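The block underneath contains the structure these notes are about, expressed in structure tokens.
Both backbone and side-chain heavy atoms feed into the values below; hydrogens, waters and symmetry mates do not. These numbers come from a predicted model, not from an experiment.
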Amino acid sequence: MTDKQTVDLYSDRAADYAREVTTPEPSARLRAFMAALPAGGRVLDLGCGPGNSAAAMLAAGFDVDALDAAEGMVRVARESYGVPARVGTFADIDTDRTLDGIWANFSLLHAPRAEMPGHLARLAAALGPNGLLHIGLKTGTGAARDSLGRLYTYYEDPEITGLMNAEGFEIEMRETGCEPGFDGVEAPWIVLWGRRA
């Protein structure tokens, strides 16, 4: 289930969000992710937003499928970055075991908690052997809307790690921090890399 209020906010504010997240060079985290994948590999940018990360991966020679539920974000990705993004939800994932990597950078945190196991199962089924999942989430408990109306589901490390382990992911990297989001509020976060056997 896609939260319409969240998707509409991202669609309506896509240009503003693009200005907020776009940097001249890919982030150190994205560069490390690309370095951990086979050259020219197949990557899914799940919740691609305005397409800045997908554009960086395309420029680096990867075969990128960019997917976002917000039509406004997909439009910015196409028009501003030349990314052939498409509109789709977390359920619209090809489970063909051919992906080398999945970049789910602070996108799955908008999914209801009850749906996370199913999403992770589809992501696991989409990755080929040794495939790598990058997932970023805000840490905490429960679920709530921020001041912009976006729905967030919060996770602590043991919970999300356990869910990933249950789908066959071996955690090979974790990073935590705290920084302001699009709403300007400082929030703690966790980034995990899960490797498929």
Output for pair (Asp63 CG, Met57 CE), nearest 0.5 Å, gives 11.0 Å
Measuring from Tyr152:OH to Thr6:OG1, what's the distance to the nearest 0.5 Å? 8.0 Å
Restricting to side-chain hydrogen bond (donor to acceptor under 3.5 Å, both in side chains), what partner residues turn up for Asp92, sequence neighbours left out? Thr89
Residue pair Leu37 / Phe62: nearest heavy atoms and the distance that separates them: CB-CE2, 3.8 Å
Decide, yes or no, whether a salt bridge links Arg195 with Glu170 under the criterion of side-chain N to carboxylate O below 4.0 Å. no
Are any non-hydrogen side-chain atoms of Thr153 and Met116 less than 4.5 angstrom apart? no
Between His110 and Tyr10, is the ring centre distance below 6.0 Å? yes
Counting N and O atoms only, with roles assigned by atom type, does the side chain of Asp157 sit under 3.5 Å from a partner on the main chain of Thr161, one being a donor and the other an acceptor? no
Strictly below 4.0 Å, N to O, side chains only: are Arg42 and Asp65 in salt-bridge contact? no
Connected to Leu151, directly or through other members, by ILVMFWY side-chain contacts below 4.5 Å are none
Taken to the nearest 0.5 Å, the spacing of Met73 CE from Ser80 OG works out to 11.5 Å
Closest contact, heavy atoms only, Ser107 versus Phe90: O-CZ, 3.2 Å
Nonpolar side-chain network containing Val87, other nodes, edges under 4.5 Å: Val74
With Gln5, which of Asp8, Asp3, Val7, Leu9 fulfils side chain to side chain contact (heavy atoms under 4.5 Å, CB included)? Asp3
Are the side chains of Ile102 and Val43 in contact, using a 4.5 Å heavy-atom criterion? no
Please give me the minimum heavy-atom distance between Ser147 and Asp183, naming the atom from each residue. OG-CB, 3.8 Å
Ile160 vs Leu192, test: side chain to side chain contact (heavy atoms under 4.5 Å, CB included). Steps then yes/no. CA-CA 9 Å; Ile160 188 59; Leu192 296 168; 3.6 Å; yes
Mind checking whether Leu148 and Phe182 have side chains closer than 4.5 Å, heavy atoms only? yes
If the condition is side-chain contact (heavy atoms from CB on, under 4.5 Å), which residues does Asn52 pass it with, not counting sequence neighbours? Val21, Thr22, Pro50, Tyr81
Do Ile135 and Val191 touch side chain to side chain, with heavy atoms closer than 4.5 Å? no
Using 0.5 Å steps for rounding, measure from the CZ atom of Arg122 to the OG1 atom of Thr95. 9.0 Å
Checking Glu71 now: which residues fulfil salt bridge (Lys or Arg N to Asp or Glu O under 4.0 Å) with it, not counting sequence neighbours? none
Would Trp193 and Phe169 count as a side chain to side chain contact (heavy atoms under 4.5 Å, CB included) if you check the C-alpha gap in whole Å, the side-chain angles of each, and the deciding distance to 0.1 Å? CA-CA 9 Å; Trp193 282 8; Phe169 289 104; over 6 Å; no
Decide side chain to side chain donor-acceptor pair (under 3.5 Å) for His134 and Trp103; before the verdict, give the C-alpha distance in whole Å, the side-chain angles of both, and the deciding distance to 0.1 Å. CA-CA 5 Å; His134 162 105; Trp103 179 255; 5.3 Å; no
Does a side-chain heavy-atom distance below 4.5 Å link Leu120 with Leu133? yes
Quick one: does Asp94's side chain have a donor or acceptor within less than 3.5 Å of a partner on Asp96's backbone? no
Does any part of the side chain of Ile93, heavy atoms only, come nearer than 4.5 Å to the side chain of His119, both counted from C-beta? no
For the CD atom of Glu159 and the CE atom of Met164, what is their distance to the nearest 0.5 Å? 13.0 Å
Arg113 charged N/C atom sitting above Tyr155 aromatic ring, 6.0 Å / 45°: yes
pair Arg196-Glu167: side-chain heavy atoms closer than 4.5 Å: no
Name all pairs fulfilling the salt bridge (charged side-chain N to carboxylate O under 4.0 Å, His left out) condition that reach into residues 24-33, sequence neighbours left out, sorted by first residue then second. Arg29-Glu175
For Val83 against Ala54, the heavy-atom pair lying closest together: CG1-CB, 3.8 Å
When you compare the side chain of Thr176 with that of Thr139, does any pair of heavy atoms fall below 4.5 Å? no
Minimum heavy-atom separation for Gly51 to Ala77, with atom names? CA-CB, 3.8 Å
Point-to-point distance, once rounded to the nearest 0.5 Å, from OG of Ser11 to OH of Tyr17: 13.5 Å
So which heavy atom on Gly41 is nearest to which on Asp100, and how close? CA-OD2, 3.2 Å
